[in-house]
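Structure record follows, encoded as C-alpha cells.
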There are 2 protein chains.
Amino acid sequence: MKTLSIKDIAVQANVSITTVSFIINGKAKEKSISEAVIEKVERIIEESGYKPNQIARSLRTGNSNIIGLIIEDISNSFFSRIARLIEDKAYKRGYKIIYSSTENNVDKAKELINMFKSRKVDAYIISPIKGIEEDINMLLTDNKPVILFDRNLPNVDTNYVGADHFNASYQSIESFIKQGKKNIALVTTDIDVQQITERYDGYKKALEDHGITYGDNLVVKIPFNQEEAATISQIKALLQSQKIDAVLFATNYLAISGLKVLKQINKQIGDDFAVIAYDDHEAFELHTPSISTVQQPLEEIAETVIKMILSQLSSKTKLENQQVIIPAKLIIRD
Amino acid sequence: MKTLSIKDIAVQANVSITTVSFIINGKAKEKSISEAVIEKVERIIEESGYKPNQIARSLRTGNSNIIGLIIEDISNSFFSRIARLIEDKAYKRGYKIIYSSTENNVDKAKELINMFKSRKVDAYIISPIKGIEEDINMLLTDNKPVILFDRNLPNVDTNYVGADHFNASYQSIESFIKQGKKNIALVTTDIDVQQITERYDGYKKALEDHGITYGDNLVVKIPFNQEEAATISQIKALLQSQKIDAVLFATNYLAISGLKVLKQINKQIGDDFAVIAYDDHEAFELHTPSISTVQQPLEEIAETVIKMILSQLSSKTKLENQQVIIPAKLIIRD
DNA sequence: GAATTAAAGTAAAACGTTTTACTAAATTCA
DNA sequence: TGAATTTAGTAAAACGTTTTACTTTAATTC
C-alpha cells in the first residue's frame, strides 16, 4: 500500500491540489472555497486516513514544528525530568521535541547542532558547554531562537533560563557554618561550565564572608566522564586524608558516589558530619538519614523555556533577549 | 546569510549539481568524476561549511536516517538509561534517534506513531501499550522495521526484545520462600501490558508451586498515572492491614514509594521482613539496608535492539521475525 | 581511420507540499 | 447593460536533493 499524497486526495475529490492544500491548512474560508467542497474534501481525508508528509511540508515552508533539545545526558535524572516536562509542554502546543545528549563532548555537541540545523528545527534549547559559542552564534545569525538553560555561555548573546547557582551554593555553605561546621569540602566536576563554576564561587565566597580560609585541599574536581570506581576512590581519599565535617556535592551523581563512599568507610551523617547535594534525586529523600539538597525548580524552568521559545516563534521581529534567573531551594532534611 | 545549497557549491565549482551530488554521496568514482574535480568540490564544501539539507534529501530518498523511539516515560530511569544506550549505539552507526513518551496513553501513542510516520522515520523501536496493535500493523504493512521492547504485544507479529519477566519474578518469590517467608505481597500497576502481567504470573506460579495459597488481598494494583501520595497510602494500607513478611514491587518507582512508606511507618527491612524491587535504581544500592533487585540487562537489550534494526535496514528482503528473551538477574543485596 | 568503448560530466524529472499569480463565472453596482 | 467586483477555484513555480538517461569528447580496437 503506497502512502497517500495530497494528489490522491485531490483526484478523488475532483478538485485541484491547491484546493486540498488550502483546506488542510485552514485557509479555505479566506480563499473562498465553498462549504460543499470543504466538506467533501474533509470527508475524503478523514476516511482515507491521509496525513500530510511533513518532510515535504518542511522543505517548502522551511520550518518543521520541531524544537531541538540538546542536553548533557538524558540518563541523568535532572535532565530527563526536565526533558519530560519540556516535551510535555511543547507537545501540548503542537511542537515536537528531538533530543540528544552531548556527554559534554564538544565535537558531539557541534555535530548535534549541525544535524539539527540540517533537519531545520525551528528553535533550539541548549544546555551548552564551552567551545560551541561560535556554532550557537551561527544559529543566531540564522535568526533561529536559541534558549540556553541550566548554564550560560559568556560570549553568547541570547536567552537564558537557569537557577541561581551562586546563591544556592552560598546558602548551603552558610547553613553548614551556622551548624558550626569549620572544615567544609566541595566535591565538584572538572567541566568548565558556568553553572559549575558558580557553585564553586558560592562555596568560596561563603567561606570567606564567614572568615574561614579557603583551602584547595578541601576541593576535589572529578573528571566528567570517568568511571564511577575512580570517582569513589577520589572521594574516599578526600574524606580519609582530611578532617572534614561537611561536604557540598556539586551534582547529584557526585553525591550518589559520595554516599556510596560513606557507606563503604562507615562514616555516619549526623551531628558532626553533614552533607548537601546539588540537584535532588529520588535516592536522597529515601536515604537514612535523608539527604539535604538544593532543588532546582524544574517545572518553572521548563515553563519559562517553553514560553520564551513560543513567544520568539510567534513574533515576527527579533525580541529583546531575556535572562531569567530562578532561585533554587535549599531543602534541609532530617 | 542565506544557508548554502548544493547549487551554490555547483556554481562556485563550475560544475553541475549532479556532479556535486555524486561527490557528496561517494559515488564520484563509480560515476567517473575526475580526481581534480573531486578535490575542488570537496575543498569548496569544506571551506564553505556546506551541509546538505536533510529534509530535501529525505523527501527525495524516502528515508531519514532517523529511528523513532517510543517509550513509556523518559523520566523513568529504566527508560532514560536504555534511551541513552540506544541513542549512543545508533549515533555511532550514523543514525539519529527521536524519542517521545507515551505516558501509557493510547491516544498519545497513536499520535506519536503518526507523527513519526509523517516524518518518515526509517524504523521504530517501541515499548508498546495495548490498543495500538493496529497502528503497529500498519507500519509493518508499510514495510518499516519495528522492534518492540520491554513488553510484547500478542497480536502483533514482529520483532521483540525483552527480559524474561516471568522467571525473574518467579525466582524472586522463590528466594523469599527459601528464606522462610510465607505471606508474600505483590505491589504492581494496573496497566495491562505483558511485561507487568508476566511479573504477576511469575509471582502466582511460584506461590502455587511451593504450596502457598495465592490471595487477592496480598496483591495491590496501583493506577499508573496516580499521584504518589495516593500510591503511598495504598501501600501503607496494605502493609498495615495484613500480616506480610515479604514484598515484591513490580517496578522501581513503586518500590521507591514503598520504601517511603516503610520509613514513615518505621518498619525495618531485615530478617523478618524482606523486599525485592523489579528494575534497579540508584537509590536501592544506597539504601540502608540496600535493596535486592531484579536487574534487566540494559546494555544487552539496547545492543540487541540496535543490531536487529540495522540488519533489517540493510537487508533488501524482509527478514524472519525474531523474539529475543534475555534473562534478568536477581541481585540479592545485604 | 572508422567503429566501438570508456571517461567525464550534465539536463531534467521526481519526491509532496505551499503559495503566488492567475482565470472564469457569477454577482453587484451605477 | 456594461463595468467592476466578488466568488470559487486552479496552474505552476519553488523548496533542495537524488538519480536516470543522456551527451560529448577522448581513447582504444581492428
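Numbers restart at 1 for each chain; the letters A, B, ... are given by sequence-line order, proteins then strands. A quick note: this is a predicted structure, and the numbers were derived from the prediction, not measured.
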Distance, rounded to the nearest Å, where [X] contributes [atom1] and [N] contributes [atom2]:
X: A/I24; N: C/dT19; atom1: CD1; atom2: P; answer: 12 Å
X: A/K120; N: D/dG16; atom1: NZ; atom2: P; answer: 7 Å
X: B/Q54; N: D/dT17; atom1: CD; atom2: P; answer: 9 Å
X: B/N63; N: C/dC15; atom1: CG; atom2: P; answer: 15 Å
X: A/I33; N: D/dT6; atom1: CD1; atom2: P; answer: 17 Å
X: B/K31; N: C/dA11; atom1: NZ; atom2: P; answer: 16 Å
X: B/K51; N: D/dT17; atom1: NZ; atom2: C1'; answer: 16 Å
X: B/F22; N: C/dA7; atom1: CZ; atom2: P; answer: 16 Å

With distance as the sole criterion, is a donor-acceptor pair present between the side chains of B/T18 and B/S21 under 3.5 Å?
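Per modelled atom types, B/T18 and B/S21 side chains form no pair under 3.5 Å.
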Is there a donor in the side chain of B/D150 and an acceptor in the side chain of B/Q195, or the other way round, less than 3.5 Å apart?
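A pair is found: one side chain offers a donor N or O, the other an acceptor, under 3.5 Å apart.
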Which nucleotide wins on minimum distance to the side chain of [X], given the candidates [options]?
X: A/S34; options: C/dG16, D/dT17, D/dA8; result: D/dA8
X: A/I6; options: C/dT17, D/dG16, D/dT18; result: C/dT17
X: A/I17; options: C/dT18, D/dT18, D/dG9; result: C/dT18
X: B/S16; options: C/dA11, D/dT17, C/dT17; result: C/dA11
X: A/A56; options: C/dT17, D/dT17, C/dG9; result: C/dT17

Give me the ring orientation class for B/F149 and B/F79: parallel if the planes are under 30° apart, tilted from 30 to 60°, perpendicular past 60°.
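Rings of B/F149 and B/F79: perpendicular, over 60°.
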Taking A/K110 first and then A/E134, would you say they form a salt bridge - that is, a charged N and a carboxylate O separated by under 4.0 Å?
no
Under-4.0 Å salt bridge between A/E87 and A/K92
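Looking at A/K92 together with A/E87, the answer is no, because their closest N to O distance does not fall below 4.0 Å.
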Heavy-atom donor-acceptor pair, [X] side-chain to [N] base, under 3.5 Å:
X: B/S32; N: C/dA7; value: no
X: A/R60; N: C/dT17; value: no
X: B/R57; N: D/dT17; value: no
X: A/T18; N: D/dA11; value: yes

Indicate whether OP1 or OP2 belonging to [N] is found under 4.0 Å from a side-chain N or O atom of [X].
X: A/K27; N: C/dT19; answer: yes
X: B/N25; N: D/dT18; answer: yes
X: B/Y50; N: D/dG16; answer: no
X: B/S21; N: D/dT17; answer: no

Can you name the salt bridge (charged side-chain N to carboxylate O under 4.0 Å, His left out) partners of B/D122, sequence neighbours left out?
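Once residues adjacent in sequence are excluded, B/D122 has no partner under the salt bridge (charged side-chain N to carboxylate O under 4.0 Å, His left out) criterion.
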Between B/S58 and B/N63, is there a donor-acceptor pair closer than 3.5 Å when you use the side chain of the first and the backbone of the second?
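Yes, B/S58 side chain to B/N63 backbone: donor-acceptor pair under 3.5 Å.
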Take the C1' atoms of the five end pairs on each side of the helix from C/dG1-D/dC30 to C/dA30-D/dT1, get both axes, and report the angle to 10 degrees.
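About 50° separates the two local helix axes.
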Under 4.0 Å between any heavy atoms, over every strand shown, what does A/S5 touch: base, sugar-phosphate, or nothing? Just pick one.
sugar-phosphate
Considering only heavy atoms from C-beta outward, does the side chain of B/V37 approach that of B/I23 to under 4.5 Å?
yes
